[in-house]
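Working notes for the structure below.
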Amino acid sequence: MEVIICEEYEAMSKAAARDIANVLNTKPNAVLGMATGSTPLGLYQELVRLHKEEGLDFSQVTTFNLDEYVGLSPQHEQSYHRFMHDNFFSAVNIPRQNIYIPSGTTSNYQAFCEWYERRIMECGGIDVQILGIGSDGHIAFNEPGSSLQSRTRLKTLAKSTIDDNARFFDKASDVPIYAITMGVGTILESRKLVLLANGSSKAKAIAEAVEGPVTSMITASALQLHPMATVYLDAAASEQLKMRDYYLWIQDKKPGAPAL
Ligand code: PGA
């Protein structure tokens, strides 16, 4: 796992965006795995800027989102369909038919989840999956105890996740209790993982995910099993890392390393 520590949020977002742009430049028809939440907003802003000002092209890109709340229509203000439209899809040139987001309103969740997994495979698999991390260490909505081999399925959200996300709703009781989410196993099959975290409220989860044991109690720790995972942090989110100085040392020395 590569750990990149930036001074603040904007630098972190730009560094992660450069990573995604490099994937697109070498593979214009890449399949991107998208995440929602406040963390990736800066990354999406920077990708939109690269599209508008530097011609970064999304016309052959396909996307799969990680998750969606059960019971929210695509038009609902807090649905992840709406989030993605407002914060990214409306500003870049991804063909509508190439955009996949789990349905929060299907009449058959099991069949939908199986279809979603199949579509990812049919599209060639995810080239780069963007991830945030919950304060309980989750990736997507894979709450503590989720199998590290789990696939796309219905999940009951943890109380702490509902509390964390209550800030987006009028009241905590409006936060959906269930979600449809890619599994940890689904995520691990992506060719490359890019996890972002900022702020001191994520510092403990990041330390556990990066340096703790691999455990289903912190599903982000599954990144340790992946051959190409990069974790982008701001200074506050990196505070509890025991090997922080070492990661900074590597960052500093990497440009001078012999070419492969
Ligand atoms: P956040 O959510 O980006 O809004 O902090 C991250 C997550 O729960 O995965």
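Quick caveat: nothing in here was measured; it's all calculated off a predicted structure. When a ligand or atom number is given, it counts from 1 through the structure's own listing order.
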Note to self: Applying ring-ring contact (aromatic ring centres under 6.0 Å, His included) to Trp249 and Tyr246, what does each step give before you reach the verdict?
What the structure shows: CA-CA 5 Å; Trp249 165 264; Tyr246 175 56; 8.4 Å; no
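- When hydrogens are left out, the protein atom nearest atom 5 (O) of ligand 1 is Lys202 NZ, 2.6 Å; that is the closest non-hydrogen contact.
- Ligand-side atoms of ligand 1 in range of Thr39: 1 (P), 3 (O), 5 (O), range being under 4.0 angstrom from any heavy atom.
- For Tyr232 and Asn198, the side-chain atoms include no donor-acceptor pair closer than 3.5 Å.
- The closest side-chain donor-acceptor pair between Thr152 and Arg118, if any, does not fall under 3.5 angstrom.
- Residue-level proximity to ligand 1 for Ile133 is carried by the backbone, the only part with a heavy atom below 4.0 angstrom.
- Listed by number with element, the atoms of ligand 1 under 4.0 angstrom from any heavy atom of Arg167 are 4 (O).
- The shortest N or O to N or O distance between His138 and ligand 1 is below 3.5 Å.
- Aromatic ring pairs are classed by plane angle as parallel below 30°, tilted from 30° to 60° and perpendicular above 60°; the pair Trp115 and Tyr100 is tilted.
- Checked against a 6.0 Å centroid threshold, the rings of Phe88 and Phe83 do not count as neighbours.
- Of all atoms in ligand 1, listed by their number and element, those nearer than 4.0 Å to a heavy atom of Gly37 are 3 (O), 4 (O).
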